Amino acid sequence: MEFSHDRSGDTLVVNASGRVDGSNASDFLESLQGMFDPGDQRIILDLGGLEYISSAGLRVLLMAAQNLDKQNKSFSICSLTEAVGDVFRISGFDQIINVFPSVEDAKQG
Amino acid sequence: MTDTYKILVVDDEPDLEPLILQRMRRQIRSNEYEFVFARDGLDALEKLNADSTIDMVLSDINMPKMDGLTLLQQLPDVDPNLRAVIVSAYGDMDNIRTAMNRGAFDFVTKPIDFDDLKITISRTLEHLAEWREALSSRDQLVALQNELSIASQLQQSILPNIPPVTEGCEVSANMEPARNVGGDFYDYFKLDNHVGLVVADVSDKGIPASMFMMSSRTALKGAAIGVREPKMVLTEVNNQLQQDNPTFMFVTLIYALFDPDTGLLTYSIAGHDPPLLVSASGTVTELPLTKGIAVGIAADVVYTQESVTLNPGDTVVLYTDGVTEAMNADNQQFGMGRLAEVFEGNPPESATAANEAVFEYVRNFAGDAPQSDDITCLSLRRP
């Protein structure tokens, strides 16, 4: 797993790449939440570099999404590769978490 | 409050006893150390056998009856966790080397420098404390591993292994967990003249996943009784599991109901990979997905269902992503394509043969690469 992030105004864009599975899912969540600032109102997770996500990875995304939702903050993911997109589509997570084709679309959405 | 360490001093020289008691009086008064004394090796063994609370031995080498080097050899039989420090003549390297080879932890030389002795004793006891802590962590680990293997047995024991005997219906299923305790499960049961079939994958693995798996299985079996619409069964299971789910666990699954008289298979999918249909002639197709998401994450999810009629010789294969996402040493995934290839032009002769073929292909593909996910497969064949 590798992360980078970019903040402009109240929008935080996090780039995550690599693989998320049962072995690193909790580290993934910790690293992700460690990047949030109290002032961030909109968090966009760019998964363009993500090769693989297991159900354990989906679970921590769900935890992050629900946490942000409780604080009335927006959370979306974008730029899914075909393989990762299939995982979201088949599991139905694309109906639970906002998914956009690109960072730009996510910012508009 | 710290525990008092008990030290056995072994020396045939009677003057040593008052000397130690005098020089160590502070440590004795503060209950740091307690000293007991023996006059030779045999005497020492007797005292050790009579008192299991002795932590360390400080022994001279040259003594009547039994010398210090012989005593060292006997110590592991009394208690392998005893630590010994040898007192030897200055420059007596041969004896010191022999003592160290026989398991002495350290040595001091005569005439005894009490500052040096204090440091040596405290180092030895520190080492002993760490050693005991390591032993106790190891014991806890062993206990935990025992519990894990019990959980694993429990889990395997709830998976059915005798398929329902029903004319017009063959079922075969297997689950191979990646770790001790997996998150996958399958189930099959007779419902009047129908057969209910389940393949499921709980997010994550290990004990928490297995607990969620048990409640999912119970909820599903309960919801299935007397209900002919798989989509209604999934709706009910989802409502039950998502109500109180603080851990955000979820389960993807397929529930299918088969009518052996007509060959009609009706199924509903909750965020799971679609089933594979292998016709009697060996053509392979993916059955359509239905609407609905993984069970346990959201309220009021609408599930739909699909139906397909199996002709004699047709097989339907339900599986978890442990099959399609099995990796080989080159980090390639087994994938849907290879799963289809197992049966392309090669229709299975029985449900058992179908299931065995899937596991064999996956095993050959993965080779020595470690299994990262549970692998579950259930085959239904209309004979």
Side-chain angles (χ1 to χ4, degrees), chain A residues 1-2 17-33 43 45 47 49-71 73-77 80-99, chain B residues 177-179 181-184 200-206 208-209 212 234 238 242 245-254 269-274 286 288-304 320-322 324-325 327 331-333 335-336 370-374:
Chain A
M1 277 312 308
E2 276 181 41
S17 57
R19 298 170 57 85
V20 192
D21 57 27
S23 70
N24 63 1
S26 51
D27 296 342
F28 175 77
L29 182 66
E30 217 166 278
S31 310
L32 185 65
Q33 291 183 329
I43 284 120
L45 183 60
L47 296 178
L50 195 72
E51 296 156 29
Y52 173 79
I53 186 162
S54 77
S55 56
L58 290 179
R59 185 176 148 239
V60 297
L61 276 187
L62 185 67
M63 291 169 98
Q66 304 259 356
N67 263 336
L68 291 168
D69 192 53
K70 266 189 215 152
Q71 304 168 48
K73 294 178 176 185
S74 102
F75 178 67
S76 54
I77 57 171
L80 307 186
T81 61
E82 202 186 326
V84 172
D86 278 349
V87 173
F88 276 84
R89 188 175 51 82
I90 290 173
S91 63
F93 268 69
D94 57 352
Q95 298 165 48
I96 301 292
I97 297 174
N98 295 318
V99 183
Chain B
R179 293 209 311 236
V181 186
D184 277 12
D201 181 357
V202 175
S203 54
D204 220 337
K205 292 179 273 294
F212 197 77
L234 292 200
N238 183 55
Q242 71 84 31
N245 184 12
T247 58
F248 296 102
M249 289 257 176
F250 61 90
V251 53
T252 72
L253 63 88
I254 300 186
I269 302 177
H272 202 87
D273 284 320
E286 238 177 72
L289 284 169
T290 60
K291 238 169 79 72
I293 65 173
V295 160
I297 49 180
D300 305 321
V301 178
V302 175
Y303 292 94
T304 62
T320 58
D321 57 8
T324 46
E325 290 171 6
M327 301 279 248
N331 267 348
Q332 289 172 308
Q333 286 193 350
M336 276 302 298
Q371 183 188 340
S372 67
D373 201 358
D374 308 333

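Quick note on labels: first sequence line is chain A, next is B, and so on, each numbered from 1. Worth knowing before you read on, the calculation uses all heavy atoms, side chains too, and leaves out hydrogens, waters and symmetry mates. This structure is a prediction, so every number in the text was calculated from the model and none was measured.
Within a 6.0 Å radius of NZ in A/K73, more than 12 heavy atoms belonging to other residues, nucleotides or ligands are found. Atom CD of A/Q66 has more than 12 heavy atoms from other residues, nucleotides or ligands within 6.0 Å.
Looking at B/V202, only its backbone comes within 4.5 Å of chain A, counting heavy atoms on both sides. Contact of A/I90 with chain B is made through backbone and side chain together, with heavy-atom distances under 4.5 Å.
Across all their heavy atoms, B/F250 and A/S55 have their closest contact at CZ-O, 3.5 Å.
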For this session: Take A/R89 and B/L289 through the side-chain contact (heavy atoms from CB on, under 4.5 Å) test and state the conclusion after the steps.
Result: CA-CA 10 Å; A/R89 188 175 51 82; B/L289 284 169; 3.8 Å; yes

Problem set entry | side-chain hydrogen bond (donor to acceptor under 3.5 Å, both in side chains) evaluation trace for B/Q333 with A/Y52 | CA-CA 11 Å; B/Q333 286 193 350; A/Y52 173 79; 5.4 Å; no

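Each of A/S54, A/A56, A/A83 has some count of heavy-atom pairs under 4.5 Å with chain B, and the biggest count is that of A/A56.
The CG atom of A/L62 lies 5.5 Å from the CD1 atom of B/I297; values are rounded to the nearest 0.5 Å. Of the inter-residue distances, the one linking B/N331 atom CG with A/R19 atom CZ reads 6.5 Å to the nearest 0.5 angstrom. Note: B/D273 CG to A/S91 OG = 9.5 Å, rounded to the nearest 0.5 Å.
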